[in-house]
Amino acid sequence: MRAVIQRVKYSRVTIDRKEKRTSGPGLMILLGIGHSDNKDDVQWLANKILNLRIFNDVNGIMNHSITEINGEIMLVSQFTLMAQTKKGNRPSYGNAARHEHAIPLYNLFINVTQNGLSKPVKSGEFGSNMEVEIINDGPVTICIDSKKRD
């Protein structure tokens with residue numbers, strides 16, 4: 001499971017050019033789910049993100065987590081994060097989980113982060129065409145892979 005975490009002042013997701021969902025300040029999380037991912041990956045990654053100290057304290061030092069600042073989370077599924085680019089110029093998405101495996105893990109990720117945040121997590125719609133807008137704060141962007149827990 002791979003995540004790109006961005007500290008944002010604002011985020012908006014437009015789904016199929018119609019429905020708009022907004023959040024912020026807080027985190028925009030782009031989440032890629034692989035075929036070998038499981039509930040343990042969800043728990044580990046969600047916990048890691050909820051406890052990342054990437055928000056400034058009164059001294060301007062990144063010392064607070066999303067829960068400590070009472071921030072919001074926008075979560076968007078993005079299978080392209082699972083791209084393999086070693087051979088040729090066309091990415092392969094063979095490591096991306098199929099819908100029947102990915103959707104339950106995506107929904108579990110939403111539930112785990114909502115419970116840890118103690119407020120609803122906004123999200124895109126799995127498998128839909130989405131436009132994502134953010135105002136990155138910092139900028140602060142962190143990539144985490146649950147299979148590389150170093």
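The shown structure was predicted, so the numbers you read here are calculated from the model rather than taken from an experiment.
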Which pairs pass salt bridge (Lys or Arg N to Asp or Glu O under 4.0 Å) with one or both residues in [range], sequence neighbours excluded?
{"range": "residues 55-83", "result": "E72-K122"}
{"range": "residues 94-120", "result": "R98-E100"}
{"range": "residues 19-32", "result": "E19-R21"}
{"range": "residues 76-94", "result": "none"}

Mind checking what makes salt bridge (charged side-chain N to carboxylate O under 4.0 Å, His left out) contact with [X], not counting sequence neighbours?
{"X": "D16", "answer": "none"}
{"X": "D37", "answer": "K147"}
{"X": "R53", "answer": "none"}
{"X": "E125", "answer": "none"}

Rounded at 0.5 Å granularity, tell me how far [atom1] in [X] sits from [atom2] in [Y].
{"X": "R2", "Y": "L30", "atom1": "CZ", "atom2": "CG", "answer": "13.5 Å"}
{"X": "S123", "Y": "Q114", "atom1": "OG", "atom2": "CD", "answer": "8.0 Å"}
{"X": "N56", "Y": "I61", "atom1": "CG", "atom2": "CD1", "answer": "8.5 Å"}
{"X": "I29", "Y": "S77", "atom1": "CD1", "atom2": "OG", "answer": "12.5 Å"}
{"X": "S65", "Y": "I49", "atom1": "OG", "atom2": "CD1", "answer": "12.5 Å"}
{"X": "M74", "Y": "I134", "atom1": "CE", "atom2": "CD1", "answer": "11.0 Å"}

Under-4.0 Å salt bridge between R149 and D40:
yes

Group every Ile, Leu, Val, Met, Phe, Trp and Tyr by side-chain heavy-atom contacts under 4.5 Å, then state whether [X] and [Y] land in the same group.
{"X": "L105", "Y": "I5", "value": "yes"}
{"X": "L75", "Y": "I15", "value": "no"}
{"X": "V4", "Y": "I73", "value": "no"}
{"X": "I144", "Y": "F109", "value": "yes"}
{"X": "M130", "Y": "I103", "value": "no"}

Stepwise, does the side chain to side chain contact (heavy atoms under 4.5 Å, CB included) test hold for M28 with V13?
CA-CA 10 Å; M28 163 61 77; V13 174; 4.2 Å; yes

Would Q6 and L27 satisfy side chain to side chain contact (heavy atoms under 4.5 Å, CB included), going step by step from the backbone distance to the final call?
CA-CA 6 Å; Q6 297 176 302; L27 297 175; over 6 Å; no

Suppose we screen for ring-ring contact (aromatic ring centres under 6.0 Å, His included). Which residues come up paired with H35, at least two apart in sequence or across chains?
none

Could you name each residue pair satisfying ring-ring contact (aromatic ring centres under 6.0 Å, His included) that touches residues 126-150, not counting sequence neighbours?
H99-F126, Y106-F126

Using the side chain to side chain contact (heavy atoms under 4.5 Å, CB included) rule, take L31 and V76 through it: C-alpha gap first, then chi angles, then the decisive distance, then the call.
CA-CA 6 Å; L31 185 68; V76 174; over 6 Å; no

Under the side chain to side chain contact (heavy atoms under 4.5 Å, CB included) criterion, do L52 and I66 qualify, and how do the steps go?
CA-CA 7 Å; L52 278 177; I66 186 77; over 6 Å; no

Is the side chain of R7 donor-acceptor paired with the backbone N or O of I54 at a distance under 3.5 Å, no angle test?
yes

Please go through Y93's hydrophobic cluster and name the other residues, only I, L, V, M, F, W, Y counting, with side-chain heavy atoms under 4.5 Å joining them.
F79

Students should find that the hydrophobic cluster of Y10, defined by side-chain heavy atoms under 4.5 Å apart, otherwise consists of I135

Going by atom types alone, do N47 and N51 pair a side-chain donor with an acceptor below 3.5 Å?
yes

Is any side-chain heavy atom of V112 less than 4.5 Å from a side-chain heavy atom of Q43?
yes

